[in-house]
Amino acid sequence: MRQLHLLLLVIILCAAGLGLAIYKVTTLGLPLTTSEKAEVWNVEARISFRAKPETSVKVSLPLLFNPSGYTILDEDFVAANYGLAIEQDDNARTALWAKRRAEGKQLLFYRAILYKDTEKTIDSVKAPIYPPIPEYPENFRPIIQGLLDKARQQSADTVSFAQQVIKQLNAASPAPELKLLLEHIHHSRNLAKGINWILAGARIPTRIIQGLRLEDGKLYSELESWTQVYDGKQWRTLNIKNGKEGLPSNFILWQIGDQKTFSVDGGSEVSLQFSVAKTLRELVDIAESRAALKGSHLMEFSLYSLPVQSQNVYKILLMVPLGAFVVVLMRNLIGIKTFGTFMPVLIALALRETELAWGLLLFCLIVGLGLLLRAYVDRLKLLLIPRLASVLTMVVLLMASISVIMHKLGLEMGLSVALFPMVIMTMTIERMSLTWDEAGPAEAFKQGAGSLLVATIGYLVMNIDALQHLLFVFPELLLVVLAAILLFGRYSGYRLTELWRFRALAKR
């Protein structure tokens, strides 16, 4: 019954720890490795104009709205003393700036930070209303009808029909009757609107989409237009220059439809410029932004919410259970004897602040001198507590003396001896001295060497950057470490050193 209870507890701890870590990785995007960065794109729209005197100013700018394949991590608006309102419907967002009086040149900015999110795809599949046939001007009616008839003969479905229309309008040497139509299109409307205007003659649902290509350091004077046709099931995107289907991989959708347009009332010399820049950003910062966007409060209660000084402390403390697990393995599974359970872990923590070789050398030096002094104090026949206090005082004096002497010799690593836990060193000296008296010097040195060996292995494990990162970003993994410790806590079989010790019996 106890065994079943333990197994259930281990399964629950592992499921909780691993489940929460997997959620953080898959949903929030927290990195599994250190210093992992991702590309983010800074997109900026810059509006400049000269305000007309004694006139109120109104500026309207369509904004990014749920771009497919990208997540908006952050956005901000910069406009001195302008009022700002955001209008939003199912397909678009628009920024509206207003100011009662403005003088001279005005600058307004909209900035957004985008992160490529392959899991995010947004596609409007709502069936559109089939458009009525437009009232074409009388001189264009036969030209458009002839263009549509030719496209119908050379196509098999809605998409190929639209592609044939686009190809005819963009032909290197268009038919003579199309030249007048093309002049009218370029004069009164842009090409995308012209294509949709013509396709409406075949009652094909169309719409315009606009966006930017994400190229580092690129400047744009306007958004790039594409046309979409509805094939009865979904919207299909076509290039208005050559009719090819599909958007480029680096294209970011800015707005759907052309109902919302950029405009400036009360200004002259109007200019709109878009700029794109690529930067690298820590995945942890991206995960925090994504968690906020998803409405998850998990990152608010992570260790990253603590002050930086506290974060640095926990980066060390979170490694202590891992060091304790090393001690459990070395003692219960392998069978190496140590002075106490936590002394090797604390020595390993001290070794993190020093070089391994120097740390071991200084530790052995202090313990060796401490044993000599402890032997002298033992002759005074003191009680336990005064004896421990005396040894502690002598350990502090030894540490201070070694630091001063090595500093004078130009060996600055001697200063790191102050990082050793002096109380643990005092107890080590006391424990080693008692073992010496009870079991002889061989056993005392055996346990001392075992303690240093375990401390060294603990130092090497606790100093792995990948493990430090994992336990700090995913502290719930300590539940898995706890489950492993509980499992080994019920181990009662032979230790590896015992198998070696009794190897002769095994041969028999």
Side-chain angles (χ1 to χ4, degrees), residues 58 60-62 89-92 94 124 126-211 220-232 234-247 253-265 268 270-272:
K58 294 181 180 179
S60 173
L61 176 70
D89 54 29
D90 293 338
N91 292 320
T94 307
S124 175
K126 184 179 179 181
I129 299 174
Y130 284 77
I133 297 176
E135 289 291 335
Y136 296 118
E138 188 173 350
N139 57 332
F140 293 129
R141 197 176 303 159
I143 301 174
I144 295 175
Q145 190 60 48
L147 188 152
L148 294 175
D149 290 341
K150 184 177 180 180
R152 189 175 289 109
Q153 293 174 2
Q154 299 176 348
S155 63
D157 52 25
T158 302
V159 175
S160 59
F161 182 92
Q163 289 174 327
Q164 289 301 320
V165 170
I166 293 172
K167 288 179 180 179
Q168 291 183 62
L169 293 176
N170 288 279
S173 37
E177 64 271 15
L178 288 180
K179 290 183 178 179
L180 183 62
L181 177 62
L182 290 171
E183 289 178 3
H184 174 75
I185 289 175
H186 290 303
H187 180 263
S188 61
R189 63 190 74 228
N190 61 35
L191 182 57
K193 286 184 178 179
I195 291 171
N196 292 357
W197 179 60
I198 293 172
L199 290 175
R203 300 206 63 200
I204 296 176
T206 59
R207 67 185 184 184
I208 295 173
I209 64 171
Q210 295 177 295
Y220 300 93
S221 58
E222 61 181 1
L223 296 173
E224 185 178 349
S225 296
W226 295 64
T227 190
Q228 287 188 325
V229 297
Y230 188 72
D231 66 355
Q234 61 181 340
W235 289 102
R236 308 275 288 274
T237 305
L238 302 177
N239 190 316
I240 62 174
K241 298 293 185 182
N242 53 29
K244 289 184 178 180
E245 184 178 357
L247 290 170
L253 182 62
W254 193 282
Q255 70 175 113
I256 299 175
D258 59 345
Q259 293 79 16
K260 306 292 185 181
T261 58
F262 166 65
S263 64
V264 177
D265 294 334
S268 59
V270 178
S271 171
L272 172 61

Supply the atom-to-atom distance Leu147 CG to Phe140 CZ, rounded to the nearest 0.5 angstrom. 12.5 Å
Might you work through the side chain to side chain contact (heavy atoms under 4.5 Å, CB included) test for Gln255 and Leu223, ending with a clear yes or no? CA-CA 9 Å; Gln255 70 175 113; Leu223 296 173; 4.0 Å; yes
Check whether any side-chain heavy atom of Leu169 lies under 4.5 Å from a side-chain heavy atom of Ile240, and answer yes or no. no
Would you give the length of the straight line joining atom CD of Gln210 to atom CG of Leu253, rounded to the nearest 0.5 angstrom? 9.5 Å
Straight-line distance of Leu199 CG to Leu148 CG, nearest 0.5 Å: 7.5 Å
Do we see a donor-acceptor contact under 3.5 Å between the side chains of Asp231 and Thr158? no
Testing the basics here: between Asp89 and Ala92, what is the closest heavy-atom pair and its distance to 0.1 Å? OD1-N, 2.7 Å
If you compare all heavy atoms of Gln168 against all heavy atoms of Ala151, which two are closest, and at what distance to 0.1 Å? NE2-N, 3.7 Å
Taking C-beta and beyond as the side chain, do Leu61 and Thr94 meet within less than 4.5 Å on heavy atoms? no
Counting only N and O atoms by type, is there a donor-acceptor contact under 3.5 Å from the side chain of Asn239 to the main-chain atoms of Gly246? no
Kindly indicate, with the supporting measurements, whether the criterion side chain to side chain contact (heavy atoms under 4.5 Å, CB included) is fulfilled by Val264 and Leu272. CA-CA 10 Å; Val264 177; Leu272 172 61; over 6 Å; no
Under a 4.5 Å cut-off applied to non-hydrogen side-chain atoms, are Gln163 and Lys244 in contact? no
Gln164 versus Ser155, side-chain donor and acceptor atoms under 3.5 Å: no
For the residue pair Asn170 and Asn242, establish whether any side-chain heavy-atom pair is separated by less than 4.5 Å. no
Taking atom types as modelled, is there a side-chain donor on Trp226 or Glu224 under 3.5 Å from an acceptor on the other? yes
Smallest heavy-atom separation, Ile166 atom then Gly243 atom, equals CG2-N, 3.6 Å
Distance-only polar pair, side chains of Gln145 and Asp149, donor-acceptor under 3.5 Å: yes
Verify side chain to side chain contact (heavy atoms under 4.5 Å, CB included) between Ile204 and Phe161, making sure each step is shown before the conclusion. CA-CA 10 Å; Ile204 296 176; Phe161 182 92; 3.3 Å; yes
Do Glu245 and Thr237 make a side-chain contact, defined as non-hydrogen atoms from C-beta onward lying under 4.5 Å apart? no
Under 4.5 Å between any side-chain heavy atoms of Thr227 and Arg207, yes or no? no
dist Thr206:OG1 -> Trp197:CH2 (nearest 0.5 Å) comes out at 13.0 Å
Check whether any side-chain N or O of Tyr136 sits under 3.5 Å from a backbone N or O of Gly201 as a donor-acceptor pair, and report yes or no. yes
With a 4.5 Å heavy-atom cut-off, do Trp235 and Ile209 have their side chains touching? no
